[in-house]
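See structure below.
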Amino acid sequence: MSRQDEKFSDNGFEAWGGYMQAKISKLEEQFSSKASKENQVSNIFKGISIFVNGYTVPTADELKDLMAQHGGVYHTYQRHEDIVIASNLPDTKVKNMTLTNIVKPEWITESIASNRLLDYKDFLLYSNKHSQPKLKFQKSTRMSNDTKKKEELLTDSWVKPMNNLDIERSLPDSSYVIVDSTNSLIDIKNTDTSTKTAVDPNFISEFYSNSRLHHISQLGACFKQYINDLREESNYIFTAHINLRDRIKSYNCHSSFSMNFEYNKVIMHIDMDCFFVSVGLRKHPELKGKPVAVTHSKGGQSQTKRSGVNRSVEFELYRQKQAGKLTKAGLDVNNIEISTRIDNIGDEGNKFGSMSEIASCSYEARAKGICNGMFMGAALRLCPELQTIPYDFDGYKEVAYTLYNTIAQYTLDIEAVSCDEMYVHCTDLLTNLDVSPEDFATVLREEIREKTGCPCSTGFGGNRLQARLATKQAKPNGQFFLTANLIEDFMFDINLKDLPGVGRQTSQKLESLGHQTCGSLQSLTLASLQQHLGNKTGAQLFDQCRGRDRNPLTYHTVRKSVSAEVNYGIRFETNDQCYHFLNQLSIEVQSRMQQFKVKGKCITLKLMVRAEEAPVETAKYLGHGFCDVINKSVTLLEATNDSQIILQEVISLCKKLNIDPKEMRGIGIQVTKLEQLNDKLQKSKGAISKFLTNVTKDERKDKPNLCMKNEPVSPKRPLASPRRKSPSRSPNKRKGRPPKNSKLSTSKTLMDKFLQCPAIKNEFKSPIKNKSKDIEEPKKNIENIETERIVKSGLLGFSWKEVRELLRAWFDSGQPPKQCDVDMIISYMENMICNRNIDKLYILLNFFRRRIQEINNEIWNEVLNYVLEQVQSAMLVVYNKRLYFED
DNA sequence: ATCCTCCCCTAC
DNA sequence: TAAGGTAGGGGAGGAT
Ligand SMILES: Nc1ccn([C@H]2C[C@H](O)[C@@H](COP(=O)(O)OP(=O)(O)OP(=O)(O)O)O2)c(=O)n1
Ligand SMILES: [Mg+2]
Ligand SMILES: [Mg+2]
């Protein structure tokens, strides 16, 4: 292909160069007229089409086949949830959008022939002058040293003036193009630095896709629902019990004497160690052992300064507010250093000026005083060599899912706290299995580390408080047992701030009373604590500082409110813009209410409004700054989940408040007084049984793009040929277990949205079904007097003994087996799997096997293999394990 | 006493 | 640049 051939068509190019949203309709027009004619359009997603002249970007499935044909290992990435990209580079930096590899067939052939991987050198980056800052930015992007060097070397030759391409007229000023070495268009970037506020059309979705807090909120809620649903599942089986003792032995960690916990209860708390960092480090192993933080900021580079920013004014307001609270709490503000989150931040443009928040930091970073939630600027002062890694939201989802499923294989007495954390009631579990807490902890933590590649810590105690404090003690990557004999000494030294529920305000209040540690607080009477902090809080604290906690674990959660708010990027000019945004929020709230199957009566509008004294330009870019918070609510006569009713109410509240839209900095809608919608019908049957009986029908429902959304990163999973399996059941495509069936549980929708992360290890290919079809014969059943009954109800109505007799008759009949009979026995066995009937299933299968081996002819052997495969598939789905047979 | 509304605080 | 969301517990103070 010559360069000339690769020139882009004007239309195609303009489509890219324009602002997407504005041109959607035009695009679609072009699409329909062009597609038929020239076959140049590869894909259309959400109205954005990719035009690449002379080359069609393959679809995900085509890519899979393509790669399979070439025998290459490939990796797929998804960007913006709409564009699929594949590369045979294992670590293509799609995330930062510095480079996009789209694999062409020729490249694959070529690279295989020349025995090399595609490399950065295979791409050229063209740019117009406006993109220069962007390129500088890329240069200082944190990457591995290796990559960085390479990039620096290449940068000069990469940057070509846009006019070499003779196309800049169709681009907005601030765009640049990425093309490959043959000039074929790879991507167009926009370096437009104009601020993107809530007024912009795609603001909400972009914000949500980048907001860590949004992600962990939604994910956490999912797991609460998930536990609710699992606990309602009557056919649930705890598979981890099966080989627990063997695993304990293999870790060689039998404990010598038993432990005593208070109240004779064993409560476990488990929490991933620096969750976001651990997950992120899987992709950046070279940074292990260094101070690392997960943040949007790349660290180190100075930003451009916005005009009108006066950080010190805003910071001073925060300090004053805090000082006011301290005074109220009885402290003498003049003698006390007020510490706030905004201390040690430099000015904008300063090396230490970044106000990007650190979501999580490694323990090496914590050693320097950095902690979660800190601003990047302040953190860099504490540790200038702090490394940053980007967010990996899919990774968190997958690891969290694995964590929960792992624990759920032992027990469902789980209180979900958040996506990386839960309480587990272990008393019965450990008693029944006769396992010591130490052995359990060791095996469990190793299991999780092995499955996820991330470390976690567990703490054990007689109540939730003790368990929690024990976890803190255990971290990082450890376990701690707060047994009855240790509690008194242990509690004495605990900082009040470390008690759950005691945050900055409470601890400062207590400090003003002269107490910093639990030991010290124990001298206060219940009455005086209650007097200072209120009845409940006082009593709670009185208990807590003695290591007591009466609150039981709550396995089943009942939702009390649904809300959506955005306090970032809110910069309205007009009331209409505000209402328009409220409409989007209403729709968001509606969709969440539908997910949770609730309606609500009380609607609250929350506004954050710039405080009078606060500067108009906020310290944090597009942040909310120093604000007054205003809430106003209305109670309806009838519960609703209709976005339009919500919108109408919320607008009316907004009008009553009469706030200048220009001053709004945050806006949210909350719905309370919830009523559960009736969905009894949907919950009538356990998910597992239904799942199994519907599995074949269900399978087709997987959308192709979902299949690759979360490529499992389980270290054990082979990067297998992704070729789609033919009609045989493919449980490995099911998103792991415990199973969740679509039409059944409320969590299905949630899980679909957030938890599509199977970590199933064993690939399972069995095309036998096709072969078996060949032996299918006209329908005629087992030669048995009860044929009718069987046909009608399957084998399910039969007792296990009866089935065994039927089987015996079948084997002895001397006729070749028929597909329908085989299917029937399989569904009977699947049913046993659902009904915790593994023991009997095992016996039945052994019987089945023995008899067939006795018959010893090819067809029957095939039947045996087929049945075994199917049973093992079902086992994988339900238990994530296969049955073990001795040979 | 108990409930309601509007906060504040905390956790992740 | 930056992506400061979301749910629950509970206190203050007024209405019942
Ligand atoms: N202010 C915060 C606190 C937490 N998180 C996110 C990132 C964390 O990784 C995750 C879990 O929070 P944890 O409190 O469990 O903290 P870590 O897991 O990071 O560390 P630790 O080892 O103390 O559990 O929640 C966040 O985004 N912002
Ligand atoms: Mg954690
Ligand atoms: Mg946690």
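Being a predicted model, the structure only gives us computed values, none of them experimental. Each chain gets a letter, A, B and so on, in the order the sequences are listed, and its residues count up from 1.
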**OP:** Indicate, with a heavy-atom threshold strictly under 4.0 Å, whether K632(A) touches base, sugar-phosphate, or nothing.
**Re:** nothing
Original post:
Is R366(A) positioned over the aromatic face of Y363(A), cation under 6.0 angstrom from the ring centre and no more than 45 degrees off axis?
Top reply: yes
Original post:
Under 4.0 angstrom, heavy atoms only, what part of the nucleic acid is G501(A) near: base, sugar-phosphate, or nothing?
Top reply: sugar-phosphate
Original post:
Can you name the one residue among E357(A), E314(A), E348(A) that meets salt bridge (charged side-chain N to carboxylate O under 4.0 Å, His left out) with K620(A)?
Top reply: E357(A)
**OP:** Using a heavy-atom cut-off of under 4.0 Å over every strand shown, decide if F203(A) touches base, sugar-phosphate, or nothing.
**Re:** nothing
**OP:** Report which part of the nucleic acid G625(A) touches: base, sugar-phosphate, or nothing (heavy-atom distance under 4.0 Å, all strands).
**Re:** base
**OP:** Flag yes if more than 12 heavy atoms outside H532(A) fall under 6.0 Å of its NE2 atom; otherwise flag no.
**Re:** yes
**OP:** Ignoring backbone atoms, establish whether R559(A) has a side-chain N or O less than 4.0 Å from OP1 or OP2 of dA7(C).
**Re:** yes
Original post:
Base, sugar-phosphate alone, or nothing: which one does K497(A) contact when heavy atoms must sit under 4.0 Å apart?
Top reply: nothing
Original post:
Out of T295(A), I370(A), V292(A), which residue meets the side chain to side chain contact (heavy atoms under 4.5 Å, CB included) rule with L386(A)?
Top reply: I370(A)
Original post:
Could you state the CG-P distance from L533(A) to dG9(C), rounded to the nearest angstrom?
Top reply: 19 Å
**OP:** Return yes if a side-chain donor-acceptor contact under 3.5 Å exists between S586(A) and N583(A), otherwise no.
**Re:** no
Subject >> Face-to-face contact H296(A) to dA3(C) six-ring, under 5.5 Å, under 30° >> reply: no
**OP:** Describe the nucleic acid contact of V309(A) in one word from base, sugar-phosphate, nothing, applying a heavy-atom distance below 4.0 Å.
**Re:** nothing
**OP:** Please state whether the phosphate of dT6(C), meaning OP1 or OP2, lies under 4.0 angstrom from any side-chain nitrogen or oxygen of S561(A).
**Re:** no
**OP:** Give one of base, sugar-phosphate or nothing for V502(A), where a contact means two heavy atoms less than 4.0 Å apart.
**Re:** sugar-phosphate
Original post:
Which part of the nucleic acid, if any, lies within contact of D420(A), taking any heavy atom under 4.0 Å across all strands shown: a base, the sugar-phosphate backbone alone, or nothing?
Top reply: sugar-phosphate
Original post:
Counting any heavy atom closer than 4.0 Å, what does F207(A) reach on the DNA or RNA strands: base, sugar-phosphate only, or nothing?
Top reply: sugar-phosphate
**OP:** Write down the distance between NZ (K224(A)) and P (dT6(C)), rounded to a whole number of angstrom.
**Re:** 14 Å
**OP:** Assign each of H532(A) and L622(A) to its nearest nucleotide of DNA chain C by heavy atoms, then name whichever residue's nucleotide is nearer the 5' end.
**Re:** L622(A)
Original post:
With a cut-off of under 6.0 Å to the ring centre and 45° to the axis, is R341(A) in cation-pi contact with F375(A)?
Top reply: yes
Original post:
Under 4.0 angstrom, heavy atoms only, what part of the nucleic acid is G534(A) near: base, sugar-phosphate, or nothing?
Top reply: sugar-phosphate
Subject >> Result of checking I345(A), N344(A), D347(A), L380(A) against F352(A) for side chain to side chain contact (heavy atoms under 4.5 Å, CB included) >> reply: L380(A)
Original post:
In whole Å, what is the span from the NZ atom of K620(A) to the P atom of dA3(C)?
Top reply: 4 Å
**OP:** Would you mind telling me which residue lines up with the more 5' stretch of DNA chain C, E357(A) or Q540(A), judged by nearest nucleotide?
**Re:** E357(A)
Original post:
Quick one: how far along DNA chain B does chain A reach, first to last nucleotide 5' to 3', anything under 4.0 Å to a heavy atom?
Top reply: dT5(B) to dC12(B)
**OP:** Give T635(A) one of three labels, base, sugar-phosphate or nothing, depending on what nucleic acid heavy atoms sit under 4.0 Å from its own.
**Re:** sugar-phosphate
Original post:
Looking only at side-chain N and O atoms, does S356(A) come under 4.0 Å of OP1 or OP2 in dA3(C)?
Top reply: yes
Original post:
How would you label the contact of L674(A) with the nucleic acid (heavy atoms, under 4.0 Å): base, sugar-phosphate, or nothing?
Top reply: nothing
**OP:** Could you go through the side-chain contact (heavy atoms from CB on, under 4.5 Å) check for R665(A) and T618(A) one step at a time?
**Re:** CA-CA 10 Å; R665(A) 293 288 181 272; T618(A) 56; 4.1 Å; yes
**OP:** Answer yes or no: does a side-chain N or O of H215(A) lie under 4.0 Å from OP1 or OP2 of dG5(C)?
**Re:** no
**OP:** Scan S418(A) against the nucleic acid and name what it touches under 4.0 Å (heavy atoms): base, sugar-phosphate only, or nothing.
**Re:** sugar-phosphate
Original post:
Is E206(A) touching bases, backbone alone, or none of the nucleic acid, heavy atoms closer than 4.0 Å?
Top reply: base
Original post:
Does S211(A) have a side-chain nitrogen or oxygen under 4.0 Å from the phosphate oxygens OP1 or OP2 of dG4(C)?
Top reply: yes
